[in-house]
Amino acid sequence: MIHLTFALLLLYYYSHISLRLAQRGLHDQVLSITPKTQEQVDVLKNVSTQYETALWQPASPQFIKEETQVHLFVPANSSETVKDLLQTHAITHEVLLANANELIEMQTRNDSGDPRSSTTFYERYHSLEDVYDWINRTQQDNPSTVKTILIGSSSEKRPLYVLKLSLNNRPDKKAMWIDCGIHAREWIAPAFCLWFVQYSLGFYRQNQDITHILDNMDVYVLPVMNPDGYQYTWTTNRMWRKNRSVSKSSGCIGVDLNRNFDANWCTEGASNEPCSEIYCGEFPESEPESQAVADFLRSHKDSVQFYLSIHSYSQMLLFPYSCTLEEVENHRVLFEMAEEAAQKIRRYYKNTYKYGAGAKTIYLAPGGSDDWAYKLGIKYSFTFELQDRGRYGFLLPPSHISRACNEALIAVKTIALRVVEKTQAPTNPPPTF
């Protein structure tokens, strides 16, 4: 009873505070800022580590530099202080999102009835509980083609489920892997994993490209690689990025799972500070989530030919390396694959995606899953950054899900067809419909 009373008081307090802030015209906002001098860079680094702000772009203050756009989430209770600081140092800003709360509410609203009969199920974001229900339902509805594999559990003991799509019984079939949601706040990523599965099951034997891919490759799909963090973004902090493991050396929570793999681990571009957004963890694969993925891929490295990790935002098709400026052995092939995929997105959807090796296209990011997969021997390894380029950022409205997923889908199909072409001689020519 005491706990309930306290919770109600807390709810009343925060509602009251939110109402007062709204009455003063203050909302959670996202600002776009481009520092012009080193002094302004230092001010922004300071602002982005204080005042409860959340840095959207770049991933960490250490990457803020002159003449490079910064996207900063500023909660309502810090808005005046932050804007005063920017004004004091003559730093101009543009408001990208004037009322982020409205978008968060829009993202979490679920107006559906029975999802099985709803064509719009895949055009909305779904809680972790909904995703688990969807996994069970998908397997039950497709018992001959979909298998659920438990590959491990998270730091808070939530299951890590992989769906295996196997549309025919050809012996010695190769495979591709897709993981989504390694960073908790990137909600469009799990939405894509769901989209890809329903598209594959629905359009096999109807669409020539997906049929040819699925005839030659099984697909492993991990819809939510970071379930603890994802759950936390739904219940507590929409801007959370890392997992939810507790640091033994400090009071800070979470490891950046995409800095926790054994690929130049914790070198330049990662941090050994537990409070950092790009904290690499205590050692490579220190986190149960990254270890589960690594163990599974190690045990399937002979069959998995194509590795793909889905992120947001910034519209990029990236490939190794991110952990070093060196080029991989098959750089030219990967570049041509990414280039073709970007050209198709542009042709069909009139949208532009940058492409290239991660370190040269964005910045150094050691310990990433795609680099690790490449070093394991999966030579067609990619990371996709989905929509958008900052207009909505992590708060991409549900109305944009369909377009974002279709853009990613055409890129996946383009690259997967090339991988099939390069890794095996199919027993049958591509079907025509």
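We use all heavy atoms of the structure for the numbers below, so side chains are in, but hydrogens, waters and symmetry mates are not. Numbers for residues simply follow the sequence, beginning at 1.
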Whether Asn142 side chain and Thr145 backbone form a donor-acceptor pair below 3.5 Å: no
Can you check whether Phe306 and Tyr380 have ring centres sitting under 6.0 Å from each other? no
Tell me whether the NZ or CZ atom of Arg241 lies within the 45° cone about the ring axis of Trp56 and under 6.0 Å from its centre. no
In plain terms, say whether Glu67 and Lys36 are close enough for a salt bridge, that is, a side-chain N and a carboxylate O under 4.0 Å apart. yes
Partner residues of Asp228 under the salt bridge (charged side-chain N to carboxylate O under 4.0 Å, His left out) criterion, sequence neighbours left out: Arg158
The side chain to side chain donor-acceptor pair (under 3.5 Å) partners of Lys360 (sequence neighbours excluded) come to Glu327
List the atom of Arg137, the atom of Phe121, and the distance in Å for their closest heavy-atom pair. NH2-CZ, 3.7 Å
Quick check with a 6.0 Å cut-off and a 45 degree axis cone: is Lys379 positioned over the face of Tyr374's six-membered ring? yes
Between Trp234 and Tyr125, does the ring centroid distance fall short of 6.0 Å? no
Lys/Arg cation over aromatic Tyr348: Arg403, 6.0 Å, 45° cone: no
Short question: side chain of Thr37, backbone of Gln40 - any donor-acceptor pair under 3.5 Å? yes
In plain terms, say whether Arg298 and Glu285 are close enough for a salt bridge, that is, a side-chain N and a carboxylate O under 4.0 Å apart. yes
Taking only residues two or more places apart in sequence, or in another chain, which ones meet Glu102 in a salt bridge (charged side-chain N to carboxylate O under 4.0 Å, His left out)? none
Ring center gap for Tyr220 and Phe296 short of 6.0 angstrom: yes
Measure from NZ or CZ of Arg244 to the centre of the six-membered ring of Trp240, then state whether that distance is under 6.0 Å and the direction lies within 45° of the axis. yes
Is a side-chain donor or acceptor of Arg259 paired with a backbone partner of Ser271 at a separation under 3.5 angstrom? no
